[in-house]
Amino acid sequence: MRIATWNVNGLRARLEFLVLWLRERRPDLVGLQELKLTEEQFPHSLLETEGYRAVVHGQKAWNGVAILSRHPVTVTQKGLPGQEEFGARLITADAGGLSFTTIYCPNGKDVGHPDFPRKLAWLETLATHLRGLHRQDRAAVVCGDFNICPAPIDSWNEGLLRGTIFHTAEERARFAAIVEGGLLDLFRRFHPEARSFSWWDYRAGAFPRNQGLRLDLLLATPDIAERLRSVEIDRDYRKKKDDRIPSDHAPVFADL
DNA sequence: ATGTCGGATCATATCCGA
C-alpha cells in the first residue's frame, strides 16, 4: 500500500499536476492540503474517473484538506475541535484498514506575530486530540504540512534560521509532544541521516539552490512503521512540467 | 533583491497569505 501527503497550493491551479502524479505514482491513500476551495468546488467526478474517492473539508479561498483513496473511505472527523476559527485544517477517515488523518498546520508568519502563539495553541490542541484518537489502539497515519522544521537537519540553514519561524524551540517542543503520543516520522526513520527537503520558497531561486525545509511529514503508529518498505520525497514534482507551475511543496510517499 | 505564487475584489491592478 502506498500512502502520500502533498500540499498542492491551490487544487484548481494544480489539478493537471495532481492527475499526472496520481497516474504515475498510483498512491492508494493521499492527504492533500491547501486546496483553497469549498467542498462544492471539489472535482469529485474528475478524480473518480482517475479511480479515487475523496472526502473533503474545504473553505473559500484558503486552507482546505482532503483525503483521496482508491478504496472505500469513510470520514470520521472534519476540523480540529476547538480550533475551527483557524480554518479547515484537519480531516480524518477510515480507509485501507487504518485511521488516516491529514493536517495543515497554521503558518504562524513570524515569532512576533499574533499568529505565532495561536499556532502553538493549535499544535497543543492537535496533540491532545490525537492522544484521544490513538487511545483506540489501532493503526493510524497522521500526515500533512506541519509548518515546522522538526530538527536542525531538516533545514537548509539552521545556523541562519534558528529561532525564526519553523525553527523555534517552542514549535519543536509542540511537535515532540505530538510524536511522543505514539507516532513515528516515517521519512526520518527510513533515512536517519538524509538532508532532504519537501518545501522550497517560490522566491529567490530557492529550489535550484536547494534552499528548502522538510515540513511535510508522514507520521504513523509503530505497527505501520514495522510495515515500512520505502519513503521518498518526490522532488520531480516540485519541478516545472511543460508550462505547468508546480506547488511550492513536493509530495512525500511511503510504501507499506 | 522580500526576486513568486494562488485567490479575492470596491477586479483587468492591487491586496493578502504563504
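To find a chain, count down the sequence lines: A is the first, B the second, and so on, and within it residues start at 1.
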What's the closest nucleotide to the A/R12 side chain, out of B/dG3, B/dG7, B/dA18? B/dG7
Which nucleotide in the set B/dG17, B/dG3, B/dA18 lies at the smallest distance from any side-chain heavy atom of A/A204?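 For the A/A204 side chain, the nearest candidate turns out to be B/dG3.
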Closest-nucleotide mapping onto DNA chain B: is A/N147 or A/D201 further toward the 5' terminus? I mean the 5' end. A/D201
Here's a test of your reading of the structure: between A/Q41 and A/E34, which maps to the more 5' nucleotide of DNA chain B?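 Checking each residue's closest nucleotide, the 5'-ward one belongs to A/Q41.
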[atom1] of [X] versus [atom2] of [N]: gap in Å, rounded?
X      : N      : atom1 : atom2 : answer
A/Y104 : B/dG6  : OH    : C1'   : 11 Å
A/I245 : B/dT4  : CD1   : P     : 11 Å
A/D248 : B/dC5  : CG    : C1'   : 7 Å
A/R209 : B/dT2  : CZ    : C1'   : 13 Å
A/Q211 : B/dT2  : CD    : P     : 11 Å
A/N7   : B/dG7  : CG    : P     : 12 Å
A/L37  : B/dG17 : CG    : P     : 19 Å
A/R244 : B/dG6  : CZ    : P     : 13 Å

Within the distance-only criterion (no hydrogens, no angle test), does the side chain of A/R188 pair as donor or acceptor with the backbone N or O of A/A194 below 3.5 angstrom? yes
Within the side chain of A/R238, is there an N or O that forms a donor-acceptor pair under 3.5 Å with the backbone of A/F207?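 No, because the side chain of A/R238 does not come within donor-acceptor range (under 3.5 Å) of the backbone of A/F207.
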At under 4.0 Å between heavy atoms, what does A/F166 touch on the DNA or RNA strands: base, sugar-phosphate, or nothing? nothing
When all nucleic acid strands are considered with a 4.0 Å heavy-atom cut-off, which category describes A/A13: base, sugar-phosphate, or nothing?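 If one applies the 4.0 Å heavy-atom cut-off, A/A13 turns out to touch the sugar-phosphate alone, with no base involved.
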Between [N] and [M], how far apart are the two [atom1] atoms, rounded to whole Å?
N      : M      : atom1 : answer
B/dC16 : B/dC10 : C1'   : 16 Å
B/dA18 : B/dG3  : C1'   : 16 Å
B/dG6  : B/dA11 : C1'   : 15 Å
B/dT2  : B/dA8  : P     : 29 Å
B/dT12 : B/dG7  : C1'   : 15 Å

If only side-chain N and O atoms of [X] are considered, is one of them under 4.0 Å from the OP1 or OP2 phosphate oxygen of [N]?
X      : N      : value
A/R14  : B/dG6  : yes
A/K60  : B/dT9  : yes
A/K109 : B/dA18 : yes

Could you tell me if the side chain of A/F187 sits less than 4.5 Å from the side chain of A/L218, heavy atoms only?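 They are not in contact (no side-chain heavy atoms under 4.5 Å apart), so the answer is no.
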Does the side chain of A/M1 reach to within under 4.5 Å of the side chain of A/R227, using non-hydrogen atoms?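 Yes, their side chains come closer than 4.5 Å.
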When you measure from the centre of the six-membered ring of A/Y237, is the NZ or CZ of A/K241 closer than 6.0 Å and no more than 45° off the axis? yes
Measure from NZ or CZ of A/R25 to the centre of the six-membered ring of A/F253 and say whether it is under 6.0 Å with the direction within 45° of the ring axis. no
